[in-house]
Number of protein chains: 2
Amino acid sequence: MAAAEMPDDTADTAVETVQREMTAFARRARASAGRMHPELSLVSYTLLGHLEETDGCRATDLAAHYALDKSTVSRQVSALERAGLVERRPDPDDQRVQVLHLTEAGRRILAQVTESRRAAFRERLAGWPPEDLVRFAAYLERYNAWRGGPLGGDEDR
Amino acid sequence: MAAAEMPDDTADTAVETVQREMTAFARRARASAGRMHPELSLVSYTLLGHLEETDGCRATDLAAHYALDKSTVSRQVSALERAGLVERRPDPDDQRVQVLHLTEAGRRILAQVTESRRAAFRERLAGWPPEDLVRFAAYLERYNAWRGGPLGGDEDR
DNA sequence: TACCCCAAGTTGTACTCTGCAACCAGCGAG
DNA sequence: CTCGCTGGTTGCAGAGTACAACTTGGGGTA
């Protein structure tokens, strides 16, 4: 289907649908995330996941990535540390900085939650033809890679 | 591309990508929604939108649709009513029920916020070929239409 | 070196959103 | 009429968040 064959209306409707569905998803994810893993909120999980990818990052980085206030990150990290999931190490190069690392327990819990989330997603996506799955994933990546506007143009990734 | 040509790994990776990207979106939407329209939270906006579609629904319906506690809905509706955006009318058939309706002001505000959100999405999706847009929208609808699991199997839509 | 400004993080405070539990009020069946 | 169920509200508590003020350390510049 070429662009020329498609009326503007169709694209407009698609934009609205994307908007509506993405919003619906956001609402649901928020509502259900807490219930799935009471001991690891969506934010904590996300922060933990980020730490696994970029082991040894700073609290400020997290704040920038997730458009959170540094105080929020500070408290979240405190909670995670209290729970024994992350470690704060002083940065030898800059005494102001705390380098954050996952602990073994943190890694374990994260893997566990990731697995259960993955299972849920897999179940949810079970009926999808693989090629649709791949395309859907690509669209989402493309959507989230976008920068520069009021609707999520943060520093993530 | 037929399913038979695609290794399981590819589909698995796609599932993980969908999971990761959807989660990322949820986090961002949450972070940015409040900043865009301070006077209309994401939940309020969603409820208002729902009321526009199904004018004259009950608070319990909203709670069921959005997997929210009825107390939460009650308070949200109270706030919206205080703001003059919705009206509670007694149901003549059942005195327990309050039928919710958008007011003129509510309709106006909703249209305004919708427009600004739409503009943001449109900007974000500006570079997309229309046929990709349509396919993306279809995937999202399909994803959100799913029911039955711990990851959002609520009654919505 | 001394001073100044900026950056990283913490803490105090306040507000919103949320769920749970307890409660009230109206409906309908026996 | 009484009992149980449903729709809704309210009290309470906890999580998440932002903003502002503050502390500490780094890096220039005079």
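We name chains A, B, ... by the order of the sequence lines, and we start the count at 1 in each one. Worth knowing before you read on, the calculation uses all heavy atoms, side chains too, and leaves out hydrogens, waters and symmetry mates.
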Item to check | Closest heavy-atom pair and its distance - Arg142(A), Pro129(B) | outcome: NH2-CD, 3.0 Å
Checklist entry - Once you round it to whole Å, what is the distance between C1' of dG7(D) and CZ of Arg89(B)? => result 19 Å
Next on the checklist: Rounded to whole Å, how long is the line connecting atom OH of Tyr66(A) with atom P of dG16(D)?
Outcome noted: 16 Å
Next on the checklist: Is there a side-chain contact between Gln95(B) and the phosphate of dG8(D), meaning an N or O under 4.0 Å from OP1 or OP2?
Outcome noted: no
Item to check | Under 4.0 Å protein heavy-atom contact, by nucleotide of nucleotides 2-11 of chain C - B base, S sugar-phosphate only | outcome: -----BSBBB
Next on the checklist: What is the separation between atom CG on Leu80(B) and atom C1' on dC17(C), rounded to the nearest whole Å?
Outcome noted: 13 Å
Next on the checklist: Strictly by salt bridge (charged side-chain N to carboxylate O under 4.0 Å, His left out), give each pair with a member in residues 102-112 of chain A just once, sequence neighbours left out.
Outcome noted: Glu104(A)-Arg107(A)
Checklist entry - What distance do Tyr139(A) atom OH and Leu133(B) atom CG have between them, rounded to the nearest 0.5 Å? => result 9.0 Å
Item to check | Pairing residues for Asp91(B) by the salt bridge (charged side-chain N to carboxylate O under 4.0 Å, His left out) criterion, not counting sequence neighbours | outcome: none
Item to check | Interatomic distance, Tyr45(A) OH vs dG16(D) P [rounded to whole Å] | outcome: 16 Å
Item to check | Atom-to-atom span, CD of Gln76(A) to C1' of dA15(D) - whole angstrom | outcome: 9 Å
Checklist entry - Between atom CG in Asp91(A) and atom C1' in dT24(D), what is the gap in whole Å? => result 15 Å
Next on the checklist: If hydrophobic clusters are built by linking Ile, Leu, Val, Met, Phe, Trp and Tyr wherever their side-chain heavy atoms come under 4.5 Å apart, do Val97(A) and Leu100(A) end up in the same one?
Outcome noted: no
Checklist entry - Parallel, tilted or perpendicular: which describes the rings of His50(A) and Tyr66(A), with under 30° parallel and over 60° perpendicular? => result perpendicular
